[in-house]
Number of protein chains: 4
Amino acid sequence: MTGTPTEVDGAHRPAAPRKRADARRNEETLLAAAARVFVTSGVDAPVRDIAAAAGVGIGTIYRHFPTRADLIVAVYRHQVEACAEAGPALLETSSSPHAALAAWIDLFVDFLVTKHGLAGALQSDHASYDALHAYFIDRLLPVAAQLLDAAAAAGEIRPGLDPYVLMRGIGNLCIASTDERYDARRMVELVVAGMRQQ
Amino acid sequence: MTGTPTEVDGAHRPAAPRKRADARRNEETLLAAAARVFVTSGVDAPVRDIAAAAGVGIGTIYRHFPTRADLIVAVYRHQVEACAEAGPALLETSSSPHAALAAWIDLFVDFLVTKHGLAGALQSDHASYDALHAYFIDRLLPVAAQLLDAAAAAGEIRPGLDPYVLMRGIGNLCIASTDERYDARRMVELVVAGMRQQ
Amino acid sequence: MTGTPTEVDGAHRPAAPRKRADARRNEETLLAAAARVFVTSGVDAPVRDIAAAAGVGIGTIYRHFPTRADLIVAVYRHQVEACAEAGPALLETSSSPHAALAAWIDLFVDFLVTKHGLAGALQSDHASYDALHAYFIDRLLPVAAQLLDAAAAAGEIRPGLDPYVLMRGIGNLCIASTDERYDARRMVELVVAGMRQQ
Amino acid sequence: MTGTPTEVDGAHRPAAPRKRADARRNEETLLAAAARVFVTSGVDAPVRDIAAAAGVGIGTIYRHFPTRADLIVAVYRHQVEACAEAGPALLETSSSPHAALAAWIDLFVDFLVTKHGLAGALQSDHASYDALHAYFIDRLLPVAAQLLDAAAAAGEIRPGLDPYVLMRGIGNLCIASTDERYDARRMVELVVAGMRQQ
DNA sequence: GATGAATGAGTATTCATTCAT
DNA sequence: TATGAATGAATACTCATTCAT
């Protein structure tokens with residue numbers, strides 16, 4: 001493969017779909033590898049490590065994911081989507097908007113807390129993470145806003161809570177610590193309790 | 001002769017800190033410069049930049065502050081001390097333990113929010129920041145604990161709140177963001193409200 | 001597909017080392033440059049100097065030779081190998097084991113004496129030279145041992161001479177001196193003479 | 001003392017002798033400290049360490065011993081002198097010139113082997129050691145030459161042995177190794193044996 | 001499309017030596 | 001004289017990113 005593209009393949013049929021299949025498979029492999037590396041080394045893992053784990057050249061990573069943020073987004077897309085979709089669902093199935101909000105925040109925290117370094121990346125100002133911020137905001141902010149609005153409308157939480165501030169704050173609370181004493185969930189509990197209308 | 005000070009000298013006047021005068025002045029300059037650089041580049045600023053800003057050689061930085069943590073601690077010592085001392089004082093002057101706690105947290109947040117990168121350093125696992133962690137914990141944790149205990153004893157807040165978790169959490173919330181939309185204070189408000197005994 | 005080489009390729013021609021051609025050439029250049037720099041600045045020459053001499057970036061040096069020892073070994077490998085292989089050969093062609101031993105030591109000394117700083121590195125305790133020591137010991141010690149054994153068996157030299165001590169000692173004798181008056185060979189002669197069974 | 005010279009002293013008598021006494025005492029302290037530090041850290045020990053061990057400022061070291069070599073020479077002067085004087089003495093008391101030579105070399109080796117790093121410094125090309133070389137050469141070379149001449153005249157050793165080469169070679173052999181397997185004395189034995197007229 | 005070789009900016013840290021006090 | 005503060009040169013090493021093959 002390395003230096004000898006499989007000309008044979010392209011011979012029979014339109015190369016495009018064929019290649020796409022290859023590329024897609026390749027991308028899957030890559031995402032799986034990245035996910036694996038992220039778990040152990042965090043989302044800041046050296047590009048080379050990820051490439052090695054995927055059995056792929058560095059260039060391939062960059063071709064598929066020009067930015068580290070692109071890669072991170074791709075790796076966690078499913079879970080972010082699931083989290084996003086869980087919002088409206090919870091709103092329907094929960095006993096109250098506030099319960100839905102609390103449950104949803106739990107989901108979000110569970111997600112972040114288990115993604116080594118993700119919260120840190122989310123907080124980073126570094127330009128290479130712009131796309132990551134954008135994606136999270138685009139996808140999750142509306143959900144958070146909807147939940148907040150519903151709870152506020154129901155008079156269950158104090159009005160005027162900014163969904164951006166909430167998301168960002170929760171993200172910050174989830175920044176990992178080596179120190180076992182710290183427990184992000186405990187802090188988030190306080191936040192959730194604090195939102196309630198007294 | 002270092003080991004055999006001519007006691008005669010010390011008898012008359014404060015002869016001891018003679019050379020020190022220079023060095024002390026220098027250290028002041030250095031701290032001021034460091035503080036300045038920290039504002040713009042964060043507490044992670046390259047040593048060389050700090051030296052340059054102070055108009056001294058790199059070696060001078062290392063002489064006065066062997067570790068970056070030493071420098072950071074020195075730069076913020078006054079404010080940390082003030083914050084630490086404010087705890088008991090607030091407890092006496094405030095209308096209630098919870099009010100004292102809230103006021104103290106405000107002070108802490110004010111401090112952190114205005115120190116670019118400090119919250120980040122506080123959260124860092126890097127060994128070079130160990131002394132920094134230690135200092136903050138040593139100095140502020142007991143204060144936080146005292147305030148929490150008092151408020152809990154007064155039945156104003158839910159019992160069992162871990163001061164370490166609280167400090168760390170608040171620290172995390174204060175990690176700066178370029179995004180103007182984020183406001184750590186708003187989050188901290190929620191936390192404070194959440195601590196209340198409903 | 002780093003992990004799944006298309007075996008088909010390798011079947012026809014030496015397709016494998018395609019890219020390698022460049023890299024290999026580069027490595028040659030690098031080794032040549034290093035050798036050149038070693039002559040003038042010794043094997044302790046700054047990495048940057050070597051990179052500059054080779055007209056490559058610093059990173060390239062590290063890619064090819066992660067450790068300074070790796071570089072040194074690579075630079076002198078041919079000569080060390082030749083020296084190692086000369087041992088058995090000399091044993092066969094020489095008039096006596098002692099003659100073979102003496103001739104071999106001459107080769108060794110010739111090698112060391114012309115490699116500025118090498119003897120010094122060989123003597124250094126610094127960890128970064130571990131691989132260098134290991135290589136020399138691995139490759140040359142058995143040869144020295146064989147020669148010593150043969151000569152001892154022939155009753156030509158005093159028994160019980162430790163090959164390690166001999167190698168190390170000769171290495172030390174070859175540590176370069178700016179002073180023209182010193183002549184390592186003269187000292188080695190004495191050592192060789194001293195080994196003889198009187 | 002540090003900043004307040006004892007003006008009282010100079011008041012009564014000619015300051016010169018007085019000061020000299022002080023200075024001499026100071027120098028003794030300093031030499032003792034240096035010797036102590038040399039044992040553990042070698043003759044390359046940081047100047048600051050030596051100053052600290054002596055309870056003296058760095059400047060004082062430089063005042064008394066402008067060059068590191070000056071300090072080393074001063075520290076070992078007694079022993080070098082003793083070694084130098086032992087030459088002629090041995091020549092008189094020994095059973096033969098060769099025996100005297102061997103005994104003297106033993107003394108020299110004993111000296112070097114117990115002085116951590118000294119042999120290395122002796123071998124160094126660095127300019128700061130020039131005075132060290134000079135002193136050793138000035139003081140010991142004539143002795144070695146005398147012994148060699150006597151032994152050569154007696155027909156006990158091969159003629160034409162260069163005392164400089166011998167001294168330097170023995171020095172090199174004494175360069176310390178962490179590796180316990182190396183034993184300088186064993187090598188020197190061979191050299192001594194090799195000098196004999198067969 | 002894939003590969004991976006090359007690049008080189010970015011920093012911490014040590015220590016000999018000088019010189020103002 | 002002694003002190004010790006200040007200086008700053010000297011270097012190793014990592015890793016993101018580009019681009020020729």
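Quick note: numbers below take in every heavy atom, side chains included, and nothing from hydrogens, waters or symmetry partners. Chain A is the first sequence line, chain B the second, and so forth, proteins listed ahead of strands; every chain is numbered from 1.
- Map G59(C) and T60(B) each onto its nearest nucleotide of DNA chain F; the residue landing nearer the 5' end is T60(B).
- Nearest to the side-chain atoms of I58(C) among the listed nucleotides dT17(E), dG8(E), dA2(E) stands dG8(E).
- The side-chain contact (heavy atoms from CB on, under 4.5 Å) test with F65(A) is passed by exactly one of V73(A), V75(A), I72(A), L71(A): L71(A).
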**OP:** Both distances under 3.5 Å, Watson-Crick or G-U wobble: on that basis, could you give the dot-bracket string for DNA chain E, with [ ] for crossing pairs and | for other-strand partners?
**Re:** .||||||||||||||||||||
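- Proximity of Y62(D) to T67(D): side-chain heavy atoms (C-beta onward) are nowhere separated by under 4.5 Å.
- Of the possible donor and acceptor atoms, one in the side chain of T29(B) sits under 3.5 Å from a partner among the backbone N and O of R25(B).
- With rounding to whole Å, I72(A) atom CD1 is found 12 Å from dA16(F) atom P.
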Original post:
Can you check side chain to side chain contact (heavy atoms under 4.5 Å, CB included) on N26(C) and V56(C), steps first, answer last?
Top reply: CA-CA 9 Å; N26(C) 214 318; V56(C) 303; 3.6 Å; yes
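- Between Y129(A) and H126(A), the ring planes are perpendicular. Angles over 60° get that label, and only those under 30° would be called parallel.
- Looking at which nucleotide of DNA chain E each of V47(B) and G55(C) is closest to, the 5′-most match is held by G55(C).
- Backbone-only engagement by R68(B) is indicated by non-hydrogen atom pairs under 4.0 Å involving sugar-phosphate atoms exclusively.
- Between the P atom of dT11(E) and the CD1 atom of I61(B) lies a distance of 15 Å, rounded to the nearest Å.
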**OP:** Determine, step by step, whether F136(A) and L118(A) satisfy the side chain to side chain contact (heavy atoms under 4.5 Å, CB included) criterion, reporting the C-alpha distance in whole Å, the side-chain angles of both residues, the deciding distance to 0.1 Å, and the verdict.
**Re:** CA-CA 11 Å; F136(A) 269 77; L118(A) 179 56; 4.1 Å; yes
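- Taking atom CG of residue L30(C) and atom C1' of nucleotide dA5(E), one finds them 12 Å apart after rounding to whole Å.
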Subject >> V47(D) and R68(D): CA distance, side-chain angles, deciding distance, side chain to side chain contact (heavy atoms under 4.5 Å, CB included) verdict >> reply: CA-CA 8 Å; V47(D) 180; R68(D) 178 179 293 270; 3.7 Å; yes
Original post:
Would F38(C) and H116(C) satisfy side chain to side chain contact (heavy atoms under 4.5 Å, CB included), going step by step from the backbone distance to the final call?
Top reply: CA-CA 7 Å; F38(C) 285 175; H116(C) 184 171; over 6 Å; no
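- Look at N26(C) and you won't find any side-chain N or O under 4.0 angstrom from OP1 or OP2 of dA5(E).
- Under a cutoff of 6.0 Å and an axis angle of 45°, R77(B) and Y135(B) form a cation-pi pair.
- DNA chain F is contacted by no residue of residues 117-134 of chain B, taking any non-hydrogen atom closer than 4.0 Å.
- For the pair L71(C) CG and dA12(F) P, the computed distance is 12 Å after rounding to whole Å.
- The side chain of R63(D) places an N or O atom within less than 4.0 Å of a non-bridging phosphate oxygen (OP1 or OP2) of dA2(F).
- Between the C1' atom of dA2(E) and the CD atom of E27(A) lies a distance of 14 Å, rounded to the nearest Å.
- When all heavy atoms are compared, the tightest approach of A69(B) to A131(B) is CB-CB, 3.7 Å.
- Looking at which nucleotide of DNA chain E each of A45(D) and P66(B) is closest to, the 5′-most match is held by P66(B).
- Atom CZ in R48(D) sits about 12 Å away from atom C1' in dT18(E), given to the nearest Å.
- Rounded to an integer number of Å, the gap from OH of Y62(A) to P of dG4(E) is 15 Å.
- A straight line from CG of D44(B) to C1' of dG10(E) spans 14 Å, rounded to a whole angstrom.
- Remark: H64(A) is in phosphate contact with dA2(E), judged by side-chain N or O atoms under 4.0 Å from OP1 or OP2.
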